[in-house]
Peer 1: 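Structure provided below as structure tokens; questions to follow.
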Number of protein chains: 4
Amino acid sequence: MEEQWIEELLAISEDEKLTPKQISILQAAIEVFSEKGYAAAATSEIAQMAGVAEGTIFRYYKTKKDLLLSIIGPTMSRMLAPFVLRNFNGLLDVPYDNFEEFLRTLIINRLEFARRNFKILKILIQEIPFQPKLKEQFAENILSKVLERVVEIVEHFKAKGEVIELPTPAILRFTISSVIGYLLNRLLLQPEKDWNDEEEINLTIHFIMHGISGAAAPI
Amino acid sequence: MEEQWIEELLAISEDEKLTPKQISILQAAIEVFSEKGYAAAATSEIAQMAGVAEGTIFRYYKTKKDLLLSIIGPTMSRMLAPFVLRNFNGLLDVPYDNFEEFLRTLIINRLEFARRNFKILKILIQEIPFQPKLKEQFAENILSKVLERVVEIVEHFKAKGEVIELPTPAILRFTISSVIGYLLNRLLLQPEKDWNDEEEINLTIHFIMHGISGAAAPI
Amino acid sequence: MEEQWIEELLAISEDEKLTPKQISILQAAIEVFSEKGYAAAATSEIAQMAGVAEGTIFRYYKTKKDLLLSIIGPTMSRMLAPFVLRNFNGLLDVPYDNFEEFLRTLIINRLEFARRNFKILKILIQEIPFQPKLKEQFAENILSKVLERVVEIVEHFKAKGEVIELPTPAILRFTISSVIGYLLNRLLLQPEKDWNDEEEINLTIHFIMHGISGAAAPI
Amino acid sequence: MEEQWIEELLAISEDEKLTPKQISILQAAIEVFSEKGYAAAATSEIAQMAGVAEGTIFRYYKTKKDLLLSIIGPTMSRMLAPFVLRNFNGLLDVPYDNFEEFLRTLIINRLEFARRNFKILKILIQEIPFQPKLKEQFAENILSKVLERVVEIVEHFKAKGEVIELPTPAILRFTISSVIGYLLNRLLLQPEKDWNDEEEINLTIHFIMHGISGAAAPI
DNA sequence: CATGAATGAGTGTTCATTCAT
DNA sequence: AATGAATGAACACTCATTCAT
């Protein structure tokens with residue numbers, strides 16, 4: 001299943017267009033934005049950390065906001081990658097044997113993605129409420145497509161009887177909350193804890209599938 | 001169970017110490033901070049919205065950061081309220097007949113709290129990563145106490161056989177993720193949706209207890 | 001005829017609304033703008049010359065351009081003053097016995113005005129080509145009204161036979177060119193020359209009335 | 001009389017030394033300087049409009065000010081051309097039969113010159129007050145020589161009785177004001193008006209010779 | 001020759017904070 | 001207590017100029 005993750009390729013192909021100075025600037029900006037927040041970050045500090053003159057930043061990025069969007073935009077696209085349908089030969093493409101496999105793949109994969117793009121994701125989450133452009137882009141280009149895809153998968157497994165017949169939005173919310181809850185704990189709240197990822201993922205999947213009561217659902 | 005919620009009392013007793021101008025300032029600051037973010041908020045705008053002179057803000061709050069902390073601090077305390085043990089006469093105080101009742105009470109109660117303190121919570125979440133003082137205060141005074149209390153409750157119901165014998169931290173994470181996931185969806189992501197809160201809370205509790213597979217846990 | 005010149009009153013009444021710092025700022029701005037030109041003038045230099053902090057300028061004038069317009073606007077109004085009709089009791093108001101008297105009054109008066117507002121006029125002339133707002137304001141509020149008034153006067157004296165029957169626009173252009181030509185020479189090009197104003201004004205009026213040939217017009 | 005106008009030759013001979021890129025740069029600089037003013041013009045915009053790299057400008061012109069002077073300098077020289085004495089065989093050279101002919105030739109000729117060099121003249125007038133080098137060059141090389149020549153002509157016609165016996169500087173000022181007044185109106189203030197140049201020139205000359213009163217000079 | 005990336009001093013402007021009234 | 005005028009450091013951004021390629 002690895003072959004479907006094209007984010008690295010996208011990233012690399014994009015990086016090819018960047019000069020070393022641009023890369024320094026982006027790295028420094030990610031660092032400073034994630035550490036201080038966009039509004040409190042000074043372009044002078046970014047320049048200093050990147051080892052370039054302040055004017056150089058504005059050669060490549062017309063404004064500070066441009067710099068922000070240049071960091072977040074591509075990452076948002078790459079967030080989307082694993083949810084892009086490979087709809088070849090007209091068949092519905094749900095390449096998972098069961099829901100657990102889907103969850104496991106998703107968690108492992110997005111955990112890795114989040115690990116690699118941790119600071120950018122932090123910036124993204126912090127700034128979405130204040131940047132209407134970002135919010136809109138996120139809602140239209142990312143969220144809706146991811147949801148659409150996941151709805152499809154959930155309904156596929158509902159039909160197969162692996163997922164209970166309750167409202168799909170609620171099932172989604174519950175599933176996603178559990179996954180994101182794990183990722184946040186793992187990376188943000190307790191990053192220094194000595195995690196056994198495989199076991200934790202199994203636990204998370206177990207909770208999502210069977211809850212915490214240990215009894216069959218009464219419905 | 002209402003008698004345990006002392007947050008309003010705390011709030012009122014605190015408010016009694018405040019002059020009308022202070023209240024205006026706090027209200028305006030909450031408005032502006034939550035709308036623009038702390039760093040991008042101008043004290044002049046807060047003053048204008050509060051209907052006071054710029055200098056007046058600094059009479060009550062030494063710095064802008066002081067103003068921020070004065071908003072968030074008390075709210076953090078009130079977040080804690082329902083988790084405070086009323087450990088009178090030495091008995092362990094777990095005033096819930098079963099885990100579901102606890103969850104239902106918790107969700108209803110914190111949903112109401114979040115609704116009432118929505119903007120402040122937004123500020124809190126936004127600023128915690130950038131204000132070490134806040135982070136520390138939150139970790140030491142709030143999070144640890146809440147967790148301690150919830151651990152107690154979870155283990156109580158584990159002992160009663162209502163909750164399965166898996167690692168408590170994982171159970172906590174899972175439970176809390178599901179609850180917070182609901183709250184975020186309800187208030188932040190889709191606030192305008194026409195929610196049937198009672199049904200959604202039932203669904204959420206059902207998921208937490210039994211997951212989404214509809215089958216008994218295989219463990 | 002002195003009573004008609006209300007420009008000083010206008011100026012004074014306006015000045016009354018200004019704080020000492022504002023006056024310093026305006027004076028310094030006039031100095032620096034006229035010396036270096038608007039675009040090449042630094043607000044920091046204006047602040048320094050005015051003896052205020054740079055921020056103080058922007059307390060009173062939102063932008064540098066605002067400062068420019070605040071200087072030029074009132075002066076443009078005062079340029080207009082002597083041409084404002086005092087059209088009381090419905091009579092046409094041409095309070096001059098003959099054209100020469102009109103010219104003499106005009107030259108003396110506007111020479112004095114230009115002397116007093118020399119630097120501002122320099123700024124005005126320099127910046128009109130580059131500030132559409134100024135150009136428009138000047139054309140609509142000043143130039144058209146002055147011309148309208150002067151046309152009226154010229155045609156009045158045409159009817160009386162004191163001015164020849166040639167196209168009024170050409171007469172105006174010729175008259176105004178001669179007056180302005182004198183003012184520019186007097187104040188701008190050769191300010192240090194030892195001028196006998198009364199004699200020069202007489203000569204200028206003589207030229208306007210009879211040209212340089214010493215013979216009667218052949219028409 | 002055409003043979004005396006050497007400006008085109010000067011221009012062409014100078015142009016011969018210029019590479020195509022230099023010509024592009026000069027044209028672009030004239031455009032941008034006249035539109036925005038020297039101080040507000042960006043060399044980057046000039047480079048872009050000229051279709052060359054920013055660095056190329058500085059290969060030919062050491063500084064931005066150099067570029068300005070390179071534009072204005074030659075034009076100033078060409079302004080001088082018609083006033084240069086062709087003092088061959090020691091005779092005083094006043095090749096005009098009467099003063100009116102001189103005026104007519106002057107106006108037609110300088111109108112054409114101004115038309116052709118309109119933008120440069122605009123730059124020249126705008127920048128002379130701020131560029132001491134220009135001011136000095138203009139006063140010493142141009143103004144004094146033109147005046148010297150015109151004084152000569154005026155006194156020639158004074159001696160012939162065609163011009164009245166009043167102070168030559170005043171006669172000059174009056175004459176030049178009237179000519180320049182016409183040129184400014186014609187080209188700058190009302191360029192879009194439908195002018196009948198021949199008639200307007202006749203009127204202007206008539207005013208200069210006989211004024212506007214229609215009566216013989218009383219002197 | 002010509003380029004254009006890189007510079008860094010300088011720009012207009014903002015804003016938290018102070019303090020005389 | 002309350003004001004708001006005044007501050008000046010910091011900010012995002014510009015631009016003439018340099019220089020390695």
Side-chain angles (χ1 to χ4, degrees), chain A residues 19-22 24-25 38-48 50-67, chain B residues 19-22 25 38-48 50-68, chain C residues 19-22 24-25 38-48 50-67, chain D residues 19-22 25 38-48 50-68:
Chain A
T19 69
K21 289 215 184 245
Q22 259 189 94
S24 300
I25 291 169
Y38 170 75
T43 51
S44 61
E45 191 182 348
I46 294 171
Q48 196 186 4
V52 302
E54 208 167 344
T56 305
I57 291 177
F58 293 94
R59 211 158 230 299
Y60 291 109
Y61 307 97
K62 244 172 80 70
T63 64
K64 190 187 173 189
K65 191 159 286 177
D66 238 51
L67 178 55
Chain B
T19 69
K21 278 194 196 286
Q22 263 189 87
I25 292 169
Y38 169 75
T43 52
S44 62
E45 190 182 350
I46 294 171
Q48 195 187 5
V52 304
E54 296 190 43
T56 305
I57 291 177
F58 293 91
R59 181 154 291 282
Y60 291 110
Y61 307 97
K62 239 172 79 72
T63 65
K64 188 187 175 190
K65 192 160 286 177
D66 241 49
L67 177 55
L68 174 68
Chain C
T19 68
K21 291 218 182 237
Q22 258 188 93
S24 301
I25 291 169
Y38 170 75
T43 51
S44 60
E45 190 182 350
I46 294 171
Q48 196 187 3
V52 303
E54 210 167 344
T56 305
I57 291 177
F58 293 93
R59 212 160 227 297
Y60 292 110
Y61 307 96
K62 245 173 79 72
T63 63
K64 188 187 175 189
K65 190 159 285 175
D66 238 52
L67 178 56
Chain D
T19 68
K21 279 193 196 283
Q22 263 189 89
I25 291 169
Y38 169 75
T43 51
S44 60
E45 190 183 349
I46 294 171
Q48 195 187 4
V52 303
E54 296 190 43
T56 305
I57 291 177
F58 292 91
R59 181 154 290 283
Y60 290 110
Y61 307 97
K62 238 172 80 70
T63 65
K64 188 187 173 189
K65 191 158 287 176
D66 240 51
L67 177 55
L68 174 68

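In this text the structure is predicted, and so the values were computed from the model without any measurement. Convention: sequence-line order gives letters A, B, ...; per-chain numbering from 1.
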Peer 1: Which residues pass the side chain to side chain contact (heavy atoms under 4.5 Å, CB included) test with C:Ala41, not counting sequence neighbours?
Peer 2: C:Val32, C:Phe33
Peer 1: Taking side chain to side chain contact (heavy atoms under 4.5 Å, CB included) as the definition, give me every residue that meets it alongside C:Ala50, ordered by chain and number, with sequence neighbours left out.
Peer 2: C:Ser24, C:Ile25, C:Ala28, C:Val52
Peer 1: Donor-acceptor pairs under 3.5 angstrom involving side-chain atoms of residues 55-62 of chain D: please list them, not counting sequence neighbours.
Peer 2:
from: D:Thr56; atom 1: OG1; to: D:Ala53; atom 2: O; distance (Å): 3.4
from: D:Tyr60; atom 1: OH; to: D:Thr19; atom 2: OG1; distance (Å): 3.3
from: D:Tyr61; atom 1: OH; to: D:Gln22; atom 2: OE1; distance (Å): 3.3

Peer 1: For A:Thr43, which residues count as a side chain to side chain donor-acceptor pair (under 3.5 Å) partner, sequence neighbours excluded?
Peer 2: A:Glu54
Peer 1: Look up atom CG in B:Leu67 and atom OH in B:Tyr38, then write down how far apart they are to the nearest 0.5 Å.
Peer 2: 8.0 Å
Peer 1: Which residue, B:Ala42 or C:Ala39, contacts DNA chain E at a nucleotide closer to its 5' end, judged by nearest heavy atom?
Peer 2: C:Ala39
Peer 1: Please report, rounded to the nearest Å, how far the C1' atom of E:dT11 is from the CZ atom of A:Phe58.
Peer 2: 13 Å
Peer 1: Nearest whole angstrom, please: distance from the P of F:dC11 to the NZ of A:Lys65.
Peer 2: 17 Å
Peer 1: Sequence neighbours excluded, which residues qualify as side chain to side chain donor-acceptor pair (under 3.5 Å) partners of D:Glu45?
Peer 2: D:Lys36
Peer 1: Less than 4.0 angstrom between a side-chain N/O of C:Thr43 and OP1 or OP2 of E:dG12, yes or no?
Peer 2: yes
Peer 1: Pick base, sugar-phosphate or nothing for B:Ala41, based on heavy-atom distances below 4.0 Å to the nucleic acid.
Peer 2: sugar-phosphate
Peer 1: Find the runs of at least 3 consecutive base pairs, i with j, i+1 with j-1 and so on, that include DNA chain E, using Watson-Crick or G-U wobble geometry with both distances under 3.5 Å.
Peer 2: E:2-21 with F:2-21
Peer 1: For nucleotides 3-5 of chain E, list the nitrogen or oxygen atoms of the protein found under 3.5 Å from its nitrogen or oxygen atoms, one pair per line.
Peer 2:
from: E:dT3; atom 1: OP1; to: D:Lys21; atom 2: NZ; distance (Å): 3.4
from: E:dT3; atom 1: OP2; to: D:Ala53; atom 2: N; distance (Å): 3.4
from: E:dT3; atom 1: OP2; to: D:Thr56; atom 2: OG1; distance (Å): 2.4
from: E:dG4; atom 1: N7; to: D:Gly55; atom 2: N; distance (Å): 3.2
from: E:dA5; atom 1: OP2; to: A:Arg59; atom 2: NH1; distance (Å): 3.4

